[in-house]
Each structure stands twice: as structure tokens, then as C-alpha cells.
Amino acid sequence: MRKLSRKILSALLALTLLVSLLPIGVQPAQAEGLTIKIYSKYDLWDFSYALSQNTAGYANANVSLEQNIDLGSAAWVPIGTNYLPSMGPITFTGTFDGNGHTINNIHIVDRTYNPTPADDYRSSPDVGLFARLGSGGTVKNLKVTGSVSGGERGVNVGGIVGANNRGTVTNCTFSGSVNGGSATNVGGIVGQNGIGGSVTDCTFSS
């Protein structure tokens with residue numbers, strides 16, 4: 001029993017010594033985002049839904065599109081649209097790599113709607129495949145076809161990203177229609193490109 005107690009005491013002393021050697025003020029490292037592979041529209045929906053609820057690890061996830069997918073023109077909401085109607089969109093700060101693949105037939109129409117219960121419908125002032133990119137957020141090597149409309153509530157409307165705040169959009173194409181409605185900022189790739197936002201090697205065709 002004494003030997004066991006001594007071993008425990010020795011372990012505690014060693015741990016205390018190790019902690020004392022750490023530099024003062026060192027903060028725990030920020031948790032890394034998840035690694036997510038998208039093979040189907042259902043995988044894309046799962047990712048979008050988890051982000052909409054601000055699930056840990058999704059806002060800064062490393063996402064990879066593994067093959068072309070077809071959304072079949074079904075109604076879609078911008079990725080990052082908060083599930084709660086009264087809340088703004090959740091900013092994506094991770095990486096979405098399309099790997100040269102295409103998301104076909106996206107169909108987004110953002111509008112004011114009041115169903116019962118109210119949280120059954122999500123709406124966002126930032127409208128695009130992604131609602132909003134933040135610092136470090138990247139969408140790259142992606143092709144998208146379909147239609148995006150700002151409807152009644154859209155403020156920033158783009159084919160790939162609604163609002164880009166210090167994020168990066170590169171080597172992306174959007175083919176189809178982007179209709180701002182009453183939106184303030186409209187673009188084929190990015191609706192509103194804020195200070196520090198980068199859009200490079202991208203093309204839009206209608």
C-alpha cells in the first residue's frame with residue numbers, strides 16, 4: 001500500500017513540475033475543425049445543417065468535395081444560415097475545397113416567411129452557396145450551376161458567397177442566374193467583398 005502511495009505521489013510531483021515549466025500566459029490551442037468529405041447532396045445537407053446549429057468543429061471545418069453532386073433544383077438555403085430566424089448567419093472560417101468538382105442545380109430563393117412553428121424556415125441577409133466567409137475562410141476549386149435569388153430579405157447576394165469578410169474565394173465558377181431582388185450588393189461570385197476579402201481566378205456566366 002505504501003509503495004502504491006509513493007508511486008501516486010511521485011506521479012503528482014512530476015506533473016506539477018512539468019506544468020511549472022510551461023511559459024506563463026500560454027493559452028490552450030484552439031480546437032481544430034473537423035475533416036469532412038462530401039460524396040452526395042445528403043452529405044452536403046448534413047454539413048450545412050450542422051453548421052446552421054453552430055455545432056462545434058463545423059465553422060472551421062476542412063471540407064472536401066469528392067465528386068460532382070446534383071441538388072436537383074430542390075429549395076436550398078445558404079450554408080451557414082442560422083437555424084434561429086432571429087439570428088444572423090454563422091461565419092465559415094474553414095476551407096471548402098471543391099477539387100474541381102461541380103455542385104449542379106442549386107436553387108436558392110431567400111424570402112420572408114412565417115410558418116408554424118417559426119423555426120421551420122431559415123432565412124439570411126447574406127445569400128449564396130455560403131452565406132458568409134470570415135477571416136481564414138476559403139472556398140476554392142469549385143464549380144456551381146443553378147440560380148440564386150435574394151428575394152425580399154437578401155442584402156448581399158452572390159453565386160458562391162453572400163458576404164466575404166477577410167475570406168478567400170479562388171478558382172471558382174458560377175454558371176446560371178444571380179438575382180439580387182432588393183439586395184444592396186449583388187455579384188456573380190461574391191455579393192459583398194469586404195476589406196481584406198480576396199476573389200481571384202473566378203468566372204461567372206449566365
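Listed by first and then second residue, the salt bridge (Lys or Arg N to Asp or Glu O under 4.0 Å) pairs involving residues 41-53 amount to none (not counting sequence neighbours).
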Run the side-chain donor-acceptor check on residues 158-167: report pairs under 3.5 Å with partners two or more places apart or on a different chain.
{"from": "Asn164", "atom 1": "OD1", "to": "Gly167", "atom 2": "N", "distance (Å)": "2.9"}
{"from": "Asn164", "atom 1": "ND2", "to": "Gly167", "atom 2": "O", "distance (Å)": "3.3"}
{"from": "Asn164", "atom 1": "ND2", "to": "Asn193", "atom 2": "OD1", "distance (Å)": "2.7"}

N/O donor to acceptor pairs below 3.5 angstrom from side-chain atoms of residues 194-206, sequence neighbours left out:
{"from": "Thr200", "atom 1": "OG1", "to": "Thr170", "atom 2": "OG1", "distance (Å)": "2.9"}
{"from": "Ser205", "atom 1": "OG", "to": "Ser175", "atom 2": "OG", "distance (Å)": "3.4"}

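Going from atom CG of Leu129 over to atom CZ of Phe92 covers 10.0 Å, rounded to the nearest 0.5 Å.
Remark: Asp126 pairs with Arg132, Asn156 by the side chain to side chain donor-acceptor pair (under 3.5 Å) rule, at least two apart or across chains. Shown here are the ring-ring contact (aromatic ring centres under 6.0 Å, His included) partners of Phe96, two or more places apart in sequence or in another chain: Phe130. Applying the side chain to side chain contact (heavy atoms under 4.5 Å, CB included) rule to Thr184 yields the partners Val155; only residues at least two apart in sequence or on another chain are considered.
Residues Pro89 and Pro78 are not in side-chain contact: their nearest non-hydrogen atoms beyond the backbone lie 4.5 Å or more apart. In this structure, Val63 and Thr95 have side chains that are not in contact, with every pair of non-hydrogen atoms separated by 4.5 Å or more. Here the side chains of Val148 and Phe174 are in contact, with some heavy-atom distance below 4.5 Å. For the pair Leu44 and Leu65, the minimum side-chain heavy-atom distance is 4.5 Å or more.
No donor-acceptor pair closer than 3.5 Å links the side chain of Ser64 to the backbone N or O of Glu66. With hydrogens and angles ignored, the 3.5 Å screen pairs a side-chain donor or acceptor of Ser52 with a backbone N or O of Tyr49.
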